[in-house]
Q: 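Just passing along the structure, written as structure tokens.
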2 protein chains.
Amino acid sequence: MLTAAATARNILPEMKDRSAGIVVKGSRFAPSNFIGLMGITMHFERGAEIVAEEDPAEYVYQVISGTVRTCKLLSNGRRQIGAFLMEGDYFGMEARAVHCFAAEAITDATIHMINRNTAFAAAGRDPEIARALWDITARSLDACQQHSLLLGRKTALEKIGSFLTEMAERQGSHAEIDLPMSRQDIADYLGLTIETVSRTMTQLECAGTIALPTSRHVLVKRRQELARLSAC
Amino acid sequence: MLTAAATARNILPEMKDRSAGIVVKGSRFAPSNFIGLMGITMHFERGAEIVAEEDPAEYVYQVISGTVRTCKLLSNGRRQIGAFLMEGDYFGMEARAVHCFAAEAITDATIHMINRNTAFAAAGRDPEIARALWDITARSLDACQQHSLLLGRKTALEKIGSFLTEMAERQGSHAEIDLPMSRQDIADYLGLTIETVSRTMTQLECAGTIALPTSRHVLVKRRQELARLSAC
DNA sequence: CGGCTCCTTGACATCGCTCAAGTGTAGTGG
DNA sequence: CCACTACACTTGAGCGATGTCAAGGAGCCG
């Protein structure tokens, strides 16, 4: 299957290094809105690969709707998910010429793609764009650093606690969480197995900290308790 | 004890937002050399704290000589080391207004400090500086992503294998490694305990993969084997 | 209803942690 | 040069959190 970058290369050969490609007006999602003014928007079905590992890093991506995971496989099939990306989040803004992480749509997703060279060229002319590109990268770094802490030094219970707290915050709802990702995705994000994720969620439900009306729908009963478990 | 940022605030109150402070000529260490042209150089003794957690993020730091660790403490005293920084490496270039990780000198170290506002102001005038700042951040991100993979999905043996391979590469020597950091530092970097680090090193020595003339000096006997163990 | 896929649960194994000695090794002072 | 101390590192024994393997349940869709 063709990845998004490969597809866009066919659609937009003439876009390279021009500062304005197909214009998408009034994007609400860019940290500074002008970044949303260049590039194209594409739709991906649940499960579709947006970026493959080792794809040339030609684009920066912003999630307009849906949820995306970035992931990397190790030799023996183990998988690490680097991040879950939701409305407004950027990905693919990395130092290397090829992407180290693949990106896949967890749900149907709308993604805005900006040519990297175009973005860097625009940054060369406009300091605000340069600063916006730096912000995107620095935010990814911040998220990655927090995640390292979790992976290196937290117990299964603390990992799940942190994860649910993070998801609640990102959804702007403190009592109700919708999980677009599977238990396996959560496990690969937290460095656990699917069984441990499942057991720990059950444990939190038994303790009355959360309720699980369905496996993808979490009600936070004792928010304080969950925050305490995060052990930051 | 006063951290470096606090000290520099006293030394250099007049520097803020001026593009050239105390000039250090001919720095060989910046990715683009002009970044090395602003700021001051300070010396730190082994064990000194350069940045404290939650310090305001006023400076960007570059290691001129010596080794530095960035670290963060969790509630119950557990510690995660985010990175080991050596000659030429930058740290403190983060998204937030306060530093999330402390930085401490592992050996006596010479550090070049650049005022962040000064750097960003210069970036607003010179696209090459803006690009250099982005590069620094993107490199940190790359290192952090690789490290997440290690923390989340590698066994103790693979972690030690990856660590030794990384150190060998960074020292430009493929047969001999000098470890400036303690076993506890290595443990906190890899998400292990000191005992497991020690045991795993011994195990590699018994297997003939490495030799340990002293605990801080590693001879790589079978580089291929070590690389295979890294499981990337 | 059958056949998916995803999730949960149980029994057991194991890797890495905890606790507790014991062994260097470097530095200090006599 | 030799004690003495302090600190870093190693090693052993036992345990426990998490992984592995296997079975079964729940929801979904044709």
Side-chain angles (χ1 to χ4, degrees), chain A residues 45-47 67 69 74 76-80 106-107 150-164 177-207 210-218 229 231, chain B residues 45-47 69 74 76-80 106-108 150-164 177-207 210-218 229 231:
Chain A
E45 291 194 351
R46 190 169 102 89
T67 304
R69 63 176 174 243
L74 265 69
N76 55 349
R78 287 166 295 180
R79 185 178 70 154
Q80 177 66 42
I106 287 180
T107 62
L150 174 147
L151 290 171
R153 286 290 180 227
K154 288 189 185 178
T155 65
L157 196 57
E158 290 166 346
K159 286 176 175 181
I160 295 289
S162 304
F163 172 71
L164 292 176
I177 313 170
D178 260 308
L179 299 175
M181 68 291 285
S182 69
R183 292 289 188 264
Q184 186 64 62
D185 284 338
I186 298 172
D188 290 341
Y189 181 57
L190 301 177
L192 297 170
T193 58
I194 183 174
E195 293 92 337
T196 300
V197 171
S198 192
R199 266 188 266 269
T200 307
M201 296 279 248
T202 303
Q203 187 184 334
L204 282 172
E205 189 179 26
C206 291
I210 60 171
L212 287 164
T214 74
S215 63
R216 302 284 186 109
H217 194 200
V218 183
L229 282 178
Chain B
E45 291 194 351
R46 190 170 105 87
R69 65 176 173 243
L74 264 71
N76 54 348
R78 287 166 295 181
R79 185 178 71 153
Q80 178 67 41
I106 287 179
T107 63
D108 289 358
L150 175 147
L151 290 171
R153 285 294 181 224
K154 289 189 184 178
T155 64
L157 195 58
E158 291 166 346
K159 285 176 176 180
I160 295 288
S162 303
F163 171 70
L164 292 175
I177 313 171
D178 260 308
L179 299 176
M181 67 291 285
S182 69
R183 293 288 188 267
Q184 186 63 62
D185 285 338
I186 299 173
D188 289 342
Y189 181 57
L190 301 177
L192 296 171
T193 59
I194 184 174
E195 294 95 334
T196 300
V197 170
S198 192
R199 267 188 264 269
T200 308
M201 297 278 249
T202 304
Q203 187 184 336
L204 282 172
E205 189 179 27
C206 291
I210 61 172
L212 286 165
T214 75
S215 63
R216 303 283 185 111
H217 194 200
V218 183
L229 281 177

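A note on names: the letters A, B, ... follow the listed sequences, proteins ahead of strands, and every chain is numbered from 1.
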Q: Work out which heavy atom in A:R79 is nearest to a heavy atom in A:Q184; give both atom names and the distance.
A: NH2-O, 3.8 Å
Q: If we only count heavy atoms from C-beta on, is the A:L179 to A:F163 side-chain gap below 4.5 Å?
A: yes
Q: How long is the line joining CG of B:L192 and P of C:dT18, in whole Å?
A: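 Answer to the nearest Å: 11 Å.
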Q: Working to the nearest 0.5 Å, report the span between CD1 of B:I160 and CG of B:L192.
A: 6.0 Å
Q: Which heavy-atom pair separates A:V218 from A:L164 by the least distance, and what is that distance?
A: CG2-CD2, 4.3 Å
Q: Write down the distance between CG (A:L204) and C1' (C:dT9), rounded to a whole number of angstrom.
A: 16 Å
Q: In whole Å, I'd like the distance from the CZ atom of B:R153 to the P atom of C:dC15.
A: 16 Å
Q: With each end axis built from five pairs of C1' atoms, what bend angle do you get for the helix from C:dC1-D:dG30 to C:dG30-D:dC1? Round to 10°.
A: 30°
Q: List for me each residue that meets side chain to side chain contact (heavy atoms under 4.5 Å, CB included) alongside B:S215, sequence neighbours excluded, and say none if there are none.
A: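 Side chain to side chain contact (heavy atoms under 4.5 Å, CB included) check on B:S215 returns B:R183.
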Q: Got a second to check how far B:E195's CD is from B:T193's OG1, nearest 0.5 Å?
A: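 Here the rounded value is 4.5 Å.
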Q: Can you list everything that forms a side chain to side chain donor-acceptor pair (under 3.5 Å) with B:K154? Sequence neighbours excluded, please.
A: B:S162
Q: From CZ of A:R216 over to P of C:dC6, roughly how many Å is that when rounded to an integer?
A: 8 Å
Q: Mind checking which nucleotides bracket the chain B contacts on DNA chain D, 5' to 3', with an atom under 4.0 Å from a heavy atom?
A: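 The footprint of chain B covers D:dA8 to D:dA13.
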Q: Mind checking the CG-CG spacing from A:L151 to B:L150? Nearest 0.5 Å is all I need.
A: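 Result: 10.0 Å between the selected atoms.
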Q: Of B:G191 and A:T196, whose nearest nucleotide on DNA chain C comes first from the 5' end?
A: A:T196
Q: Report, one line per pair, each donor and acceptor closer than 3.5 Å where one atom sits in a side chain of residues 198-205 of chain B; sequence neighbours left out.
A:
| unit_1 | atom_1 | unit_2 | atom_2 | d |
| --- | --- | --- | --- | --- |
| B:T200 | OG1 | B:T196 | O | 2.6 |
| B:T202 | OG1 | B:S198 | O | 3.0 |
| B:E205 | OE2 | B:L212 | N | 3.2 |

Q: Near DNA chain D, which residues from residues 155-162 of chain A have a heavy atom under 4.0 Å away?
A: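 Here the set is A:T155, A:A156.
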Q: So, taking the atom named CG in A:D178 and the one named OG1 in A:T214, what distance separates them when rounded to the nearest 0.5 Å?
A: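 Answer rounded to 0.5 Å: 7.5 Å.
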Q: Restricting both atoms to N or O, compile the protein contacts to nucleotides 19-28 of chain C shorter than 3.5 Å, with distance only.
A:
| unit_1 | atom_1 | unit_2 | atom_2 | d |
| --- | --- | --- | --- | --- |
| C:dC19 | N4 | B:E195 | OE2 | 3.0 |

Q: Does atom CZ (A:R46) have a neighbourhood of more than 12 heavy atoms from anything else shown, all under 6.0 Å?
A: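 Incorrect, the count does not exceed 12.
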Q: Can you name the residues that form a side chain to side chain donor-acceptor pair (under 3.5 Å) with B:R78, not counting sequence neighbours?
A: A:E158, B:N76
Q: Quick one: closest heavy-atom pair of A:Q80 and A:Y189, and the distance?
A: NE2-O, 3.2 Å
Q: Measure from CG on B:L151 to C1' on C:dG16 and round the result to the nearest Å.
A: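 Spelled out: CG on B:L151 to C1' on C:dG16 is 15 Å.
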Q: Counting only non-hydrogen atoms, which of residues 177-185 of chain A are less than 4.0 Å from DNA chain D?
A: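 Of all residues in residues 177-185 of chain A, none places a heavy atom under 4.0 Å from DNA chain D.
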Q: Looking at CD1 of A:I106 and CG of A:D185, how far apart are the two atoms once the value is rounded to the nearest 0.5 Å?
A: 4.5 Å
Q: Looking at residues at least two apart in the chain, or sitting in another chain, which of them share a side chain to side chain donor-acceptor pair (under 3.5 Å) with B:R153?
A: A:D188
Q: Using a 3.5 Å distance criterion without hydrogens, assess whether the side chain of A:T107 forms a donor-acceptor pair with backbone atoms of A:T67.
A: yes
